[in-house]
Amino acid sequence: MLKLYDSLSKKNKPFVSLHGNRVYMFVCGITPYDSPHIGHARAYVFYDVLAKYLKYKGYNVFYLQNVTDVDDKIIARALESGVKAGEVSSKYFAEYREVMGKLKVDSVTLYAKSTDYISEIIDLIKKLIKKGYAYPSDGSVYFRVNKFEKFGELSGQIMEKLEEGASIEPDDAKEDQKDFVLWKGYKENEPYWDSPWGRGRPGWHIEDTAIAMCYFREHYDIHGGGVDLIFPHHEAEIAQAEAITDVHPFVNYWMHIGMLNIRGEKMSKSLKNFITVKDLLNKYPPEVVRFFMINNEHLKPLEFSFEAMDTAKVSHEKLVRLRNSLSTVDFDSEFDAELQREMDHAEERFFEAMDNDLSVREGFAAIFTVLPKINKALSDMHGGREQYNNFHDFLNRVNLITDIFPEEDRGYSEAGRIGTLIDSLNQYREELREKKRYEESDRIRSILEKSNISIEDTKKKTKWNKR
RNA sequence: GCCGAGAUGACAGAGCGGCAAAUGUGGCAGACUGCAGAUCUGCAUUUUGGGGGUUCAACUCCCUCUCUCGGCACCA
């Protein structure tokens with residue numbers, strides 16, 4: 001049974017959905033004011049795998065991701081470059097969609113832009129004011145943090161102690177400096193919407209709550225984001241929602257992914273230590289990037305380096321090679337019971353690991369354990385074709401969840417036309433090798449290498465693969 | 001200052017009362033090979049950040065100290 005770590009109860013909890021086989025999952029999306037960096041990639045690739053695993057298990061997943069398309073940073077960026085805020089956000093949102101597409105992050109059901117939900121946001125704020133949790137002041141509206149007793153439950157923060165080190169700029173419009181803004185009063189050169197409190201725009205925290213409640217109502221299954229969002233963002237979301245509905249908890253599973261670090265520090269725009277997803281994809285195939293992003297414990301920080309990427313690339317290649325060899329088994333020997341036992345064990349371990357709060361790394365470890373045994377059996381031509389087919393099928397199921405394998409190109413396979421051509425070339429090369437005309441045979445090999453066909457001479461025959 | 005996470009072989013990184021080290025990378029040696037690559041087999045490093053406690057038994061639980069990272073009202 002699937003267990004997920006819930007940061008609110010700080011426990012691994014068996015996953016039980018609220019509405020039968022439907023799962024409602026919300027993940028905090030980006031604020032599109034610049035190119036997405038690989039810290040974003042880690043988060044969204046992970047949640048993509050979570051959604052795909054839930055789907056694999058038979059759930060119908062409604063994966064909702066918000067887009068904060070109006071925000072201080074977008075406005076600042078727009079003023080800087082002399083364009084409209086909307087142009088900045090749509091440009092970078094398009095770029096985000098593009099790179100996520102390349103990374104095969106395709107499980108999101110709906111991307112919801114904040115500016116499409118202004119009336120829902122205003123409604124929510126009205127309700128909060130009516131219940132005494134919010135107050136208008138000087139054109140803005142603030143949330144009265146002290147009135148919500150559970151504030152701090154998720155992060156463990158003790159409100160009284162927090163004030164000492166608080167770095168917030170004092171704001172006279174607030175009753176209490178801990179209060180956060182729900183509606184920001186209009187300032188010159190800023191986008192605005194009309195509201196009962198005058199022109200203005202929504203605060204950051206209220207957008208997510210409004211969007212999530214619009215589709216999922218007062219109680220839903222999963223809410224994900226980075227650990228850096230726990231405080232204050234997710235505390236605020238809980239406060240806003242529960243203040244209105246009195247339903248606790250608002251969300252059954254709060255999931256938080258660890259940061260991606262570079263040289264020991266969190267990768268972020270403000271530290272200027274970021275690498276864009278685009279740049280990384282210029283150096284590594286998307287499958288390798290995905291493998292790197294999920295081959296770790298998602299609760300912990302992940303240290304990024306090009307050395308670590310190269311390591312990931314080498315081990316990823318072993319998996320790809322294994323799958324390729326399995327799809328081109330051309331013998332059928334006696335069923336190997338011992339091998340079958342190892343294969344079954346690997347499969348079992350893989351799904352156990354996935355069920356244990358998506359321990360993807362542990363899942364891959366299970367495959368790596370059986371990998372040398374399969375390779376050995378293949379080179380000794382032991383084992384039945386069916387058992388290899390079954391394991392190939394298992395790897396395909398792994399791929400439904402993780403999407404780490406490149407597409408198997410049928411045009412290049414042995415049955416395909418290009419495959420037949422390569423086979424003929426190899427046959428000729430064999431003849432040359434038998435006659436010890438190695439200079440010529442090596443030349444064929446190097447020509448094929450240039451077309452990304454790698455040649456492997458083994459005991460019994462020559463194998464080739466598309467790279 | 002407060003809140004949270006963490007410290008394990010050369011590196012990355014699991015295990016969380018019972019043979020320390022899964023798994024990956026790298027190193028060395030060997031097998032295969034005309035060469036190359038891939039693959040396979042074997043070997044090595046260390047005693048789990050420091051100190052104290054509980055226990056027949058501690059990497060694992062408790063206390064304490066040191067250090068690292070994240071959050072503290074911008075952020076995945």
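Please read these numbers as outputs of a predicted model, since none were measured by experiment. Order of the sequence lines fixes the chain letters, A, B, ..., with proteins taken first and strands second; residue numbering starts at 1 for each chain.
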**Prompt:** What nucleic acid atoms does P372(A) come within less than 4.0 Å of, heavy atoms only: base, sugar-phosphate, or nothing?
**Reply:** sugar-phosphate
**Prompt:** Of the candidate nucleotides A76(B), C3(B), A14(B), which contains the atom at the shortest distance from the side chain of E362(A)?
**Reply:** A14(B)
**Request:** Select base, sugar-phosphate, or nothing to describe what G224(A) touches, counting heavy atoms under 4.0 Å on all strands.
**Result:** nothing
**Prompt:** Do Y63(A) and Q65(A) have side-chain N/O donor and acceptor atoms under 3.5 Å apart?
**Reply:** yes
**Message:** Under a 3.5 Å threshold, yes or no: a donor from one side chain and an acceptor from the other, between R201(A) and Y186(A)?
**Reply:** no
**Request:** Rounded to whole angstrom, note down the P distance from G49(B) over to A58(B).
**Result:** 15 Å
**Request:** Scan E265(A) against the nucleic acid and name what it touches under 4.0 Å (heavy atoms): base, sugar-phosphate only, or nothing.
**Result:** sugar-phosphate
**Message:** Within the 4.0 Å heavy-atom criterion, would you say H37(A) contacts the bases, only the backbone, or no part of the nucleic acid?
**Reply:** base
**Request:** Indicate, yes or no, whether a donor-acceptor pair under 3.5 Å links the base of G34(B) to the side chain of D442(A).
**Result:** yes
**Request:** State plainly whether the residues D442(A) and R445(A) are in salt-bridge range, i.e. N to O under 4.0 Å.
**Result:** yes
**Prompt:** When we call it a touch if two heavy atoms are under 4.0 Å apart, what does E297(A) touch: a base, just sugar-phosphate, or nothing?
**Reply:** sugar-phosphate
**Asked** NA contact type, L260(A), heavy-atom cut-off 4.0 Å: base, sugar-phosphate, or nothing?
**Response** base
**Asked** Under 4.0 angstrom, heavy atoms only, what part of the nucleic acid is F368(A) near: base, sugar-phosphate, or nothing?
**Response** sugar-phosphate
**Message:** It should be established whether K313(A) places a side-chain nitrogen or oxygen under 4.0 Å from OP1 or OP2 of nucleotide G24(B).
**Reply:** no
**Request:** Just call it for R445(A): base, sugar-phosphate, or nothing, with non-hydrogen atoms closer than 4.0 Å on any strand.
**Result:** base
**Item:** Closest-nucleotide ordering on RNA chain B, the 5'-leading residue of R321(A) and K266(A)
**Value:** R321(A)
**Message:** Measuring from the side chain of R361(A) (C-beta onward, heavy atoms only), which nucleotide among C3(B), U23(B), A73(B) has the closest atom?
**Reply:** U23(B)
**Prompt:** Across the strands shown, which category fits F151(A) at heavy-atom distances under 4.0 angstrom: base, sugar-phosphate, nothing?
**Reply:** base
**Prompt:** Base, sugar-phosphate, or nothing: which does S359(A) touch, judged by heavy atoms less than 4.0 Å apart?
**Reply:** nothing
**Message:** What is the separation between atom CG on N261(A) and atom C1' on G6(B), rounded to the nearest whole Å?
**Reply:** 11 Å
**Prompt:** Among G34(B), A76(B), A14(B), which is the nearest nucleotide to the side chain of K300(A)?
**Reply:** A14(B)
**Ring-base stacking, Y44(A) with A76(B) (5.5 Å, 30° cut-offs)** = no
**Request:** Scan K376(A) against the nucleic acid and name what it touches under 4.0 Å (heavy atoms): base, sugar-phosphate only, or nothing.
**Result:** sugar-phosphate
**Distance in angstrom units between M293(A) CE and G24(B) P, rounded** = 22 Å
**Prompt:** Does any donor atom in the side chain of R42(A) or N296(A) lie under 3.5 Å from an acceptor atom in the other side chain?
**Reply:** yes
**Request:** For I455(A), report the nucleic acid contact type (base, sugar-phosphate, nothing); a contact means any heavy atom under 4.0 Å.
**Result:** base
**Item:** Flag for N252(A)-D6(A): side-chain donor and acceptor within less than 3.5 Å
**Value:** no
**Prompt:** Side chains of H256(A) and H298(A): is there a donor and an acceptor less than 3.5 Å apart?
**Reply:** no
**Asked** Base, sugar-phosphate, or nothing: which does L371(A) touch, judged by heavy atoms less than 4.0 Å apart?
**Response** sugar-phosphate
**Request:** Have a look at F46(A) and say if it touches a base, only the backbone sugar-phosphate, or nothing, with a 4.0 Å heavy-atom cut-off.
**Result:** nothing
**Fill in**
Walking RNA chain B from its 5' end, the first of E439(A) and L271(A) to be reached, judged by nearest nucleotide, is E439(A)
